[in-house]
Structure formats: C-alpha cells, structure tokens
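So the structure is just underneath, and the comments pick up after that.
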Amino acid sequence: MTSENSTIWCAPANIALVKYWGKQGDQLPQNPSVSMTLSRSVTTTVMKWTRVTGPPVHSFLFDGQPEPLFERKVFSYIDKIIKILPYLSNFNLDISSSNNFPHSSGISSSASFMSSMVLCLLRAEEKISGKPADPLEFYRNASTLARLGSGSAARSVFGGFNVWGATGAVAGSSNEFAININDRVHPIFKTYRDAILIVSSGVKSLSSSAGHGLMESNPYAAERYKSAGENTHKLIGILKSGNQEEFMRIIEEEAMTLHGLIQASSGGPILMEPGTISIIRRIREYRSHTGSSLCFTLDAGPNIHLLYPEDEAGEIRRFIEGSLLQYCENSNWIDDRIGDGCKEKPRV
Ligand code: PMV
C-alpha cells in the first residue's frame, strides 16, 4: 500500500450529554446536542482508491469479513454524496473498517465509523486533486458529510466537547455540522472519564433511524425539543463554570428523558435491561454515601456510561469492580475517557 492512493483514519465514539433524538430534512436535528468525544473506543478505516474508466466497483469489509448489511449502507451513502464529491464517479474504493468495541449496541459505533470513513473520503479527494484543504474547512466538511451518514457522527470528528445544532448559546453553531467548544470548558471537565459498563453487547432492538422516526408521532416531541434547547443552554453554562453538581443533574435527566421518550412512543421498546436499572440504583446509593461526583448517562441501549473526574478514578474503579461488574455481560467494561478526536495514521 502506498501513501499516494491510500489513507487510514481512526475516529472515536462520542457520548451525548444533551441527546439528539428526532430529526428533520436531510439528517438535520430537531434540537441541539452536546457531546464528549472518547479516546479508546475507536473505529479504524483503511481506504484505497484506484482510477477506473467504467463505472466504479467498490468493496467493503468489516473486521476483515464481508458484512452485507453494512456494505449496503456504505454503498448507498457513497451514491448519496457523489454530487458533493464528484471524483467518486471515477474511482474504485476498497474500504476496510474495524472497531475495538462492540458495534450496534448503543455505543455510537455508527458515529466513529462514519467519521473515520468520511475523513478517508476527504483525504482521497485532497490527494487526487492535489489541492490541500484549509484544516478548518477540511474538518468542518468532514463533520457535515459525516452527519449525512449518521447524525451523531458530526460530533465525532473533533475531540473534547462539541455542540451540533443551532443554539443561541454558541455563536457559529449550526444544524449542518458540529463545532468544538473546548475553549469554553472548565479544566475539571477536561479530566472526565467514561467507564462504559457493557450490560449487553447484543445488537440493539431499536435502530437509531427507527428511533428518530418514533419521535414523529411522539405526543411529547414538541416539549422535548424545547427542553433539549434549554438544557443545551444550561449545560454550556455548567461546562464553563465547572459546577459538577448541576452537571450530574442535567446529564442524568437527559439520559432518563431519552429512555422515557422511547417508552412513551407508540410501539417503543424498553431498551434498559434489569442490570441497567440495578446499576443506576447502585450509583445513586454510592453517591448518597460518598458525596461523589459520579453520574451516568445512556445511549439508546442498555449499556451505562459512568462519567466522573480523574481525581476520583481510584475509588470509582474499586466501586465498579466491587459492586457493578456483577451486572455486566462477562464482567465486561471499557475504561474510556475524554479524547482529542480523529487521527490520520501513518502509512503501513
Ligand atoms: O446518530 P444517530 O442517528 O445514531 O442517533 C444518535 C442518537 C443517540 O445516540 C441516542 C443520541 C446522540 O445524540 O448521540
């Protein structure tokens, strides 16, 4: 493989603090969301391109194997963005992705996958055209293109804390792409860790697109979009001030609201498992005994994200190992933390 016609990108998952749940138009959010990008839960995508004269034929492998469902999604995404990246009409793409964490189980694997693939596509465009893009524009385009594949992927392009969706709380914010807000975040939050407790690694019963669809007939939708906008404003202020008490309150309210909305949707499934609820109870007990800043959030799945500052890492590890792993599948957890975003890997 040469560096002339190939590229490798690693992109991390992100965890939403204010949730995106409900969309409109072409993958535009109904409300702004705020997230923290992780460090260790990553997708790595390798892409090679070859010029062709006839219609291109692409290939896609996941973990080294054909995956027909993912392949269909990737190929239809490439068709969708041909009008934005016209070079795609003249090149065969060989794409190969792998995750170091369970996919499709509610740990935002679509976010890390889409952003790693889009960064490959944009790097290829740059190399083929011979015109290096301005870095700000390159990453903003990556966020926009990633959004077209998976909304939350817009936020995985950048490290630290990010806002996606237009909000009066952040100048320059947009429904089209995410923007980074690290320069307005208190140092305490930049030390935050995320212990992902794998209650179940099975494929989730509600795909994100079906879940967003449920919001179209959810009787609480309008109220939710309003409260998500307000929570975004509040959280931006909290992240700036360093108020951990308020952070815990709003983060857990968002997680429980997401699951409440899913359950209140017509035909909406229960995504929490008994282990999820036991863990939430244990966290609340632990907090009331210790005064810890530990809090939890959830994606649209049963797995729990424990968020806490670095200075509590020792005690929290003991708590996880002593009291929480019994609720996890094969005692499985990922010791993750805030990360600094996507990276291009040197050629192999
Ligand atoms: O990006 P999608 O379509 O997979 O939706 C993500 C939805 C949540 O993970 C539940 C919330 C979020 O903001 O990431």
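Values below: every heavy atom of this structure, side chains too, minus hydrogens, waters and symmetry copies. Both ligands and their constituent atoms are indexed starting at 1 by order of listing. On a predicted model such as this, the values are computed, not experimentally measured, just so you know.
- Here is the list of ligand 1 atoms found below 4.0 Å of a heavy atom in G151: 1 (O).
- A centroid separation of less than 6.0 Å is found between the aromatic rings of F60 and F113.
- Remark: ligand 1 and S208 share an N or O pair separated by less than 3.5 Å (distance only, no angle test).
- W21 contributes atom CH2, which lies 4.5 Å from atom CD1 of I262 (distance to the nearest 0.5 angstrom).
- When each atom of ligand 1 is checked for a heavy atom of R155 under 4.0 Å away, the hits are 12 (C), 13 (O), 14 (O).
- Residue D299 has at least one nitrogen or oxygen atom sitting less than 3.5 Å from a nitrogen or oxygen atom of ligand 1, judged on distance alone.
- At least one side-chain heavy atom of L122 sits less than 4.5 Å from a side-chain heavy atom of V118.
- With a 4.0 Å heavy-atom cut-off, ligand 1 is reached by the backbone of S152 and by its side chain too.
- Looking at K23 against ligand 1, nothing comes within 4.0 Å, counting heavy atoms.
- Taking every non-hydrogen atom of H212 and a distance limit under 4.0 Å, the qualifying atoms of ligand 1 come out as 2 (P), 3 (O), 5 (O).
- Taking the six-membered ring where the residue is Trp, F247 and Y192 present perpendicular rings, their angle passing 60° and hence far from 30°.
- Close approach to S110 involves these atoms of ligand 1, each under 4.0 Å from a residue heavy atom: 4 (O).
- Within the cation-pi definition used here (under 6.0 Å to the ring centroid, within 45° of the axis), R287 does not qualify as a partner of F296.
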